[in-house]
Amino acid sequence: MLKGKSFRVVIALAIATSFGVADTAFAAKRNGHVTYEQAWAKCKKFTDALARDAHSQRYSRGAACMHQHGYRI
């Protein structure tokens, strides 16, 4: 009886650990944390699609893009 309970506990811990490790690896891969300069280069390319006289739109779009990469302006 004790052997069966301990086996169940080991299986439950193995499953819980595998979900925790997989979730952490997925989060690291999904974020793909880039440096500030790399994020700025991507966002600059994104905001350059707007006209030069649309300053507030360019600022808003650039700030939103940088926020997606984890930086605040």
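Here, residue 1 is the first one in the sequence, and each next residue gets the next number.
Smallest separation of non-hydrogen atoms from Ala49 and Arg61: CB-NH1, 4.1 Å. Heavy atoms only, all atoms of each residue included: Tyr71 and His33 are closest at OH-NE2, 3.4 Å.
Atom-to-atom distance recorded for His67:NE2 and Arg72:CZ is 5.5 Å, nearest 0.5 angstrom. The NE2 atom of His55 sits 8.0 Å away from the CZ atom of Arg58 when rounded to the nearest 0.5 Å.
With sequence neighbours excluded, the residues satisfying side-chain contact (heavy atoms from CB on, under 4.5 Å) with Thr35 are Glu37, Gln38. In this structure Gln68 satisfies the side-chain contact (heavy atoms from CB on, under 4.5 Å) test with no other residue, sequence neighbours excluded.
In this structure, Phe46 is not a member of the same hydrophobic cluster as Tyr59, with clusters built from ILVMFWY side-chain heavy atoms closer than 4.5 Å.
Other residues, nucleotides and ligands contribute more than 12 heavy atoms inside 6.0 Å of the OH atom of Tyr36.
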Self-check item: Worked verdict on Thr47 versus Gln57 for side chain to side chain contact (heavy atoms under 4.5 Å, CB included)
Solution: CA-CA 9 Å; Thr47 57; Gln57 292 174 357; over 6 Å; no
